[in-house]
Amino acid sequence: MPRKLVVELIIMITQNFTISYETFDNIEELSETDQMLCNKAKDALTSSHSPYSKFKVGTAVLLTNDQVVLGSNQENVAYPSGLCAERVALFTIGSNYPNAVIKSMAITAQTANFKIENPVTSCGACLQVMAEYEQRQKLPIDVLFYCIDGKIIKVKGVKSLLPFGFVEDRLGG
């Protein structure tokens with residue numbers, strides 16, 4: 001019986017994406033609005049409930065009507081029942097200002113356990129929530145990652161932080 005030779009041709013395509021962002025050596029290099037937002041994020045640290053991690057996170061979100069909404073991380077002894085600062089602020093906006101449009105947000109962190117030397121970025125769950133707010137409003141959200149007394153990273157649009165974020169338009173929303 002003759003043998004058949006089966007040859008599979010696999011074509012792999014490699015693609016790349018680039019993330020554009022700005023860096024600043026200190027808060028004085030930012031615009032007045034961005035400085036204000038970073039300082040408000042720092043103010044939000046005071047309401048952090050982080051007795052377990054001792055790692056405070058504060059967020060300030062600027063709406064297009066110039067209102068600023070604050071959020072801070074809220075821990076709970078029943079891990080993982082706590083919530084990150086970004087989601088606290090965004091869900092506050094969703095609950096209290098459902099038609100608000102977000103212009104930008106600043107995130108900062110602080111701990112007495114060690115010196116934070118670089119900007120702290122958002123976790124994946126927060127990035128996904130941020131991306132959905134951006135998609136819903138059909139406008140990019142600028143994000144500032146602010147290291148107190150240090151560098152700042154500014155990203156124009158959440159999509160560049162989470163290029164493969166989960167999006168399924170058929171689910172509604």
Side-chain angles (χ1 to χ4, degrees), residues 19-76 80-98 100-137 139-162 165:
I19 298 172
S20 296
Y21 59 95
E22 298 172 296
T23 59
F24 302 88
D25 287 329
N26 57 63
I27 195 168
E28 289 80 24
E29 295 179 2
L30 298 174
S31 70
E32 270 187 45
T33 300
D34 287 349
Q35 285 183 41
M36 176 275 302
L37 202 57
C38 287
N39 284 320
K40 291 283 189 181
K42 186 177 174 183
D43 292 345
L45 294 170
T46 61
S47 65
S48 169
H49 179 71
S50 47
Y52 310 105
S53 71
K54 311 261 189 287
F55 194 82
K56 297 179 177 200
V57 181
T59 299
V61 181
L62 177 63
L63 305 178
T64 54
N65 67 1
D66 292 328
Q67 183 173 358
V68 177
V69 176
L70 304 182
S72 61
N73 59 323
Q74 302 296 312
E75 295 179 352
N76 187 280
S81 296
L83 204 56
C84 298
E86 298 92 326
R87 286 180 281 159
V88 168
L90 292 171
F91 293 157
T92 297
I93 292 165
S95 294
N96 296 304
Y97 314 101
V101 176
I102 299 167
K103 187 187 288 186
S104 57
M105 59 192 298
I107 298 110
T108 194
Q110 185 179 60
T111 182
N113 294 339
F114 54 88
K115 180 174 173 32
I116 298 174
E117 297 179 347
N118 292 296
V120 174
T121 58
S122 302
C123 73
C126 287
L127 289 175
Q128 180 64 48
V129 171
M130 292 158 66
E132 184 164 325
Y133 273 81
E134 186 173 86
Q135 180 190 8
R136 282 177 23 195
Q137 69 183 32
L139 290 171
I141 298 170
D142 289 349
V143 182
L144 295 148
F145 298 109
Y146 169 45
C147 180
I148 298 170
D149 299 325
K151 294 186 180 200
I152 299 104
I153 296 171
K154 183 174 184 178
V155 180
K156 297 204 177 272
V158 178
K159 189 165 180 92
S160 63
L161 294 168
L162 193 66

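- The two atoms that bring G157 and P140 nearest to each other are CA-CB, 3.9 Å, heavy atoms only.
- No donor-acceptor pair closer than 3.5 Å links the side chain of T111 to the backbone N or O of F114.
- Scanning both residues, S48 and V57, for their nearest heavy atoms gives OG-N, 4.1 Å.
- Around the NZ atom of K159, the shell of radius 6.0 Å holds no more than 12 heavy atoms that belong to other residues, nucleotides or ligands.
- Only one option out of N118, T108, I116, I152 pairs with C147 in a side chain to side chain contact (heavy atoms under 4.5 Å, CB included); it is I116.
- For the pair V155 and S20, the tightest heavy-atom approach, listed with the atom from each and the gap, is CG1-O, 4.4 Å.
- Atom CG of residue N39 and atom CG of residue D34 lie 11.0 Å apart, to the nearest 0.5 angstrom.
- Of all the heavy atoms in F24 and E29, the pair that sits closest is CA-OE1, 3.3 Å.
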Exercise for the section: Just do the side chain to side chain contact (heavy atoms under 4.5 Å, CB included) check on M130 and L162 with the steps written out, would you? Expected result: CA-CA 9 Å; M130 292 158 66; L162 193 66; over 6 Å; no
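- At least one side-chain heavy atom of I148 sits under 4.5 Å from a side-chain heavy atom of L45.
- A 4.5 Å side-chain heavy-atom check between V69 and L63 finds at least one atom pair inside the cut-off.
- Checked by atom type and distance alone, the side chain of N73 never pairs as donor or acceptor with a backbone atom of S50 at under 3.5 Å.
- Of the possible polar contacts, one joining the E134 side chain to the I141 backbone as a donor-acceptor pair under 3.5 Å is found.
- When side chains are defined from C-beta on, L30 counts as touching C38, because their heavy atoms get closer than 4.5 Å.
- Atom NE2 in H49 sits 13.0 Å away from atom CG in L83 (nearest 0.5 Å).
- Not a single donor-acceptor pair under 3.5 Å links the side chain of Y133 to the backbone N or O of I102.
- The closest side-chain heavy-atom distance from K40 to D43 is below 4.5 Å.
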Exercise for the section: Check the pair F145 / L161 against side chain to side chain contact (heavy atoms under 4.5 Å, CB included), numbers first and verdict last. Expected result: CA-CA 12 Å; F145 298 109; L161 294 168; 3.9 Å; yes
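- Within the model, atoms CG of L139 and OG1 of T64 stand 8.5 Å from one another, a figure rounded to the nearest 0.5 Å.
- Remark: K103 NZ is packed, more than 12 non-hydrogen atoms of other residues, nucleotides or ligands lying under 6.0 Å away.
- The environment of Y52 atom OH is dense: over 12 non-hydrogen atoms of other residues, nucleotides or ligands sit within 6.0 angstrom.
- At least one donor-acceptor pair under 3.5 Å links the side chain of Q74 to the backbone N or O of S47.
- Under a 3.5 Å cut-off, the side chain of E75 and the backbone N or O of G82 do not form any donor-acceptor pair.
- In this structure, E86 contributes its side chain and C126 its backbone to no donor-acceptor pair below 3.5 Å.
- How far CE of M105 is from CD1 of I93: 7.5 Å, rounded to the nearest 0.5 Å.
- Residue-environment remark: CG (D149) stays at or below the threshold of 12 foreign heavy atoms within 6.0 Å.
- Within the model, atoms NZ of K154 and CG of D142 stand 5.0 Å from one another, a figure rounded to the nearest 0.5 Å.
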Practice task
Show your working on side chain to side chain contact (heavy atoms under 4.5 Å, CB included) between V120 and F55 and close with a plain yes or no.
Solution key: CA-CA 11 Å; V120 174; F55 194 82; 4.0 Å; yes
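- Closest of all the heavy-atom pairs between G71 and A44 is O-CB, 3.5 Å.
- Taken to the nearest 0.5 Å, the NZ atom of K56 stands 12.5 Å off from the NZ atom of K42.
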